[in-house]
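Computed from a predicted structure; not experimentally measured.
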Amino acid sequence: MVKKIFIEIPTWLGDAIMTTPAIENIIKEYPNCEITMLGSFVSSQALGKIPNVKKVIVDNTKKDGNRYLNLVKIANEVGQVDLAISFRRSFSSKFMMFFIKARQKFSYKRLTKKEIHQAIRYNDFINHSLNLNNETKDLKLYFAPFKYENKSFGINPGATYGSAKRWYPEEFAKVAIEMSKTHDIVIFGGPGETDIAEDIENILKENSVSNYNNLSGKTSIPELIEKIAGLDSFVTNDSGPMHVAAAFKVPTVTIFGPTKFTETNQWMNPNGKIVTKNLECAPCMKRACPLKHHECMKLITAKDVLKEIK
C-alpha cells in the first residue's frame with residue numbers, strides 16, 4: 001500500500017506546471033496518499049496547493065553551506081516514504097534521491113527522442129514507472145481566477161530562459177495600444193523584467209493610454225496565477241505565465257522564436273494560438289541568437305499578433 005509519497009518538481013514555473021497532469025494521475029492511483037513536495041520557491045508556490053500535498057520543502061540547498069550536505073539533510077527531513085519520484089534529471093537530484101528512504105524510487109528520464117509535448121513526456125514517465133496507462137489530461141492549478149472590473153487584456157513581455165525568447169517591447173506596446181480601446185491592460189513580469197515593463201508603460205503613456213496596470217515585479221506567485229487566470233485575453237512569450245494561462249483555458253496568443261512549440265506550447269488549451277515565422281535556423285534552443293540577427297522574433301509584427309487575437 002502506497003500512503004506516503006515524495007515528489008521533487010522542476011525548478012522552472014512552466015516545467016513544474018507541465019508535471020501536473022502526471023501528478024494528478026499519481027493521486028488518481030493513490031487517492032489517499034500524503035505528498036511531501038520539494039521544489040524551488042517559485043514552483044512550490046504554484047503546486048503546493050494540490051490537495052494531497054501535506055508538506056512543502058523549498059530547495060534552498062545552493063544558498064548556504066555545502067550543497068550536497070544540504071541535500072542529505074533534505075533527504076533526512078523527508079523521512080521514510082513508500083514512493084519517491086523526481087521530475088528532474090540533474091546530478092544533484094540523483095544524489096539526493098540516493099539518500100531518500102523509499103520502497104520505490106524513480107528519477108525522470110526521456111523515454112523517446114521523438115518531438116512530443118513535455119506534459120506527455122512527464123506523464124509517460126509516470127505511466128512507465130508505475131505501470132499505469134493514464135492519458136495526459138489538463139494542466140491543473142488550485143487557484144481561483146481574479147475578478148476584474150472590466151474586460152482585461154494581459155501582456156507578458158518577459159521570459160526567464162534568455163533574451164532570445166523575448167519579443168520586442170515596442171511591438172507588445174502596439175498590441176496593447178490597440179487592445180486598450182476595448183480592454184484594460186495588465187502588464188506582467190518578474191522582478192528581473194521590470195525594465196521591459198517600464199519601457200512598455202512609457203510607450204502607453206506617450207500614446208495617451210491610461211487604462212493599464214503595471215504589475216511587473218509586484219505580484220507573488222499565487223497573485224500572478226490568479227491575475228492571469230482572470231484575464232479575457234493574453235499575449236505572451238514562451239514562458240511560465242503561458243502555462244498558467246493554459247491551465248485556465250485563457251484565450252492566449254504565444255510568440256515562439258527559438259524554442260520548440262511542438263514540445264512546450266500551451267497544453268490542452270483550445271483557446272491558445274501560436275505566432276511563429278518557422279525560420280530554417282529555428283528552433284535553435286539558444287539563450288541568445290547565435291546568428292546575431294534574431295529574425296525569428298524581429299520578423300513578427302504587432303499586426304501578426306492582433307490578427308490572431310481577433
Side-chain angles (χ1 to χ4, degrees), residues 1-114 116-137 139-140 142 263:
M1 181 175 141
V2 174
K3 177 71 174 175
K4 292 186 176 181
I5 300 177
F6 167 74
I7 299 177
E8 182 186 24
I9 56 176
T11 300
W12 302 106
L13 176 62
D15 287 344
I17 293 171
M18 286 188 284
T19 67
T20 58
I23 293 173
E24 291 292 316
N25 281 332
I26 293 169
I27 294 168
K28 177 184 173 185
E29 185 67 15
Y30 309 112
N32 297 316
C33 70
E34 295 182 355
I35 296 172
T36 296
M37 180 173 283
L38 171 69
S40 67
F41 175 78
V42 169
S43 61
S44 58
Q45 284 276 296
L47 271 59
K49 289 189 73 172
I50 293 171
N52 290 63
V53 173
K54 302 305 177 186
K55 183 177 182 178
V56 173
I57 303 172
V58 177
D59 184 357
N60 289 322
T61 55
K62 282 184 178 180
K63 288 187 177 178
D64 299 309
N66 183 295
R67 186 178 189 193
Y68 293 98
L69 286 177
N70 290 337
L71 288 167
V72 174
K73 288 177 184 176
I74 283 179
N76 290 334
E77 183 180 349
V78 170
Q80 182 70 46
V81 294
D82 302 304
L83 177 62
I85 293 167
S86 174
F87 285 99
R88 299 184 66 221
R89 293 195 294 170
S90 67
F91 173 79
S92 60
S93 174
K94 289 182 174 67
F95 177 87
M96 179 205 62
M97 286 288 281
F98 177 82
F99 291 95
I100 293 284
K101 299 180 184 72
R103 289 195 288 114
Q104 290 182 293
K105 299 182 192 180
F106 302 100
S107 289
Y108 173 69
K109 54 187 174 185
R110 291 164 69 104
L111 301 175
T112 178
K113 291 183 179 179
K114 292 179 184 177
I116 59 173
H117 199 280
Q118 187 61 45
I120 298 175
R121 286 194 193 281
Y122 287 137
N123 193 60
D124 283 354
F125 155 62
I126 292 303
N127 278 341
H128 178 77
S129 300
L130 302 181
N131 196 26
L132 305 176
N133 190 30
N134 290 318
E135 292 180 15
T136 311
K137 295 189 176 179
L139 306 180
K140 182 72 174 176
Y142 289 84
E263 296 189 354

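- Of the inter-residue distances, the one linking L139 atom CG with E24 atom CD reads 10.5 Å to the nearest 0.5 angstrom.
- Side-chain contact between I57 and E77 is present, with heavy atoms from C-beta onward closer than 4.5 Å.
- Open room surrounds CZ on F98; 12 or fewer heavy atoms of other groups in view lie less than 6.0 Å from it.
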*Give the intermediate values and the outcome of side chain to side chain contact (heavy atoms under 4.5 Å, CB included) for residues N76 and K101.*
CA-CA 8 Å; N76 290 334; K101 299 180 184 72; 3.5 Å; yes
*Test D82 against R103 for salt bridge (charged side-chain N to carboxylate O under 4.0 Å, His left out), laying out the working first.*
CA-CA 5 Å; D82 302 304; R103 289 195 288 114; 3.4 Å; yes
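- The two atoms that bring E8 and S93 nearest to each other are OE1-OG, 2.6 Å, heavy atoms only.
- With hydrogens and angles ignored, the 3.5 Å screen pairs a side-chain donor or acceptor of N25 with a backbone N or O of E135.
- Between the side chain of N66 and the backbone N or O of L69, at least one donor-acceptor pair lies under 3.5 Å.
- Closest heavy-atom contact between A46 and L13: CB-CD1, 3.6 Å.
- By the 4.5 Å heavy-atom criterion applied to side chains, P10 and Y122 are counted as neighbours.
- Contact annotation: the side chain of H128 never approaches that of F106 to less than 4.5 Å [non-hydrogen atoms, C-beta and beyond].
- In this structure, K140 satisfies the cation-pi test against Y142, with its NZ or CZ atom closer than 6.0 Å to the six-membered ring centre and inside 45 degrees of the ring normal.
- For the 3.5 Å distance criterion, the side chains of S43 and S40 qualify, holding a donor opposite an acceptor.
- Here CD1 of I120 is found 12.5 Å from CG of L111. Values are rounded to the nearest 0.5 Å.
- In this structure a side-chain-to-backbone donor-acceptor pair under 3.5 Å is present from N52 to P31.
- From R89, atom CZ reaches atom NZ of K109 across 11.5 Å, with rounding to the nearest 0.5 Å.
- The shortest distance between side-chain heavy atoms of Y68 and V72 does not fall below 4.5 Å.
- Using a distance-only test at 3.5 Å, with no hydrogens or angles considered, a donor-acceptor pair links the side chain of R121 to the main chain of T112.
- Here the side chains of I35 and I27 are in contact, with some heavy-atom distance below 4.5 Å.
- One finds the CE atom of M96 at 9.0 Å from the OG1 atom of T61 (value rounded to the nearest 0.5 Å).
- Residue K62 holds its NZ atom at 12.5 Å from CG of N70, rounded to the nearest 0.5 Å.
- Inter-residue side-chain proximity for L130 and Y30 is flagged as met; some heavy-atom pair is nearer than 4.5 Å.
- The minimum heavy-atom distance between S44 and V58, with the atom names listed, is OG-CG2, 3.8 Å.
- The CE atom of M37 sits 10.5 Å away from the CD1 atom of I5 when rounded to the nearest 0.5 Å.
- Side-chain contact check for I7 versus I26: some heavy-atom pair is nearer than 4.5 Å.
- Between D59 and R67 the shortest side-chain heavy-atom distance falls below 4.5 Å.
- Of the possible polar contacts, one joining the K105 side chain to the I100 backbone as a donor-acceptor pair under 3.5 Å is found.
- Sparse packing is recorded around CZ of F41, with 12 or fewer heavy atoms of other residues, nucleotides or ligands lying under 6.0 Å away.
- Pairing each heavy atom of A22 with each of I126, the nearest pair is CB-CG1, 3.7 Å.
- Of all non-hydrogen atoms in F87 and I23, the two that sit nearest each other are CE1-CG1, 3.9 Å.
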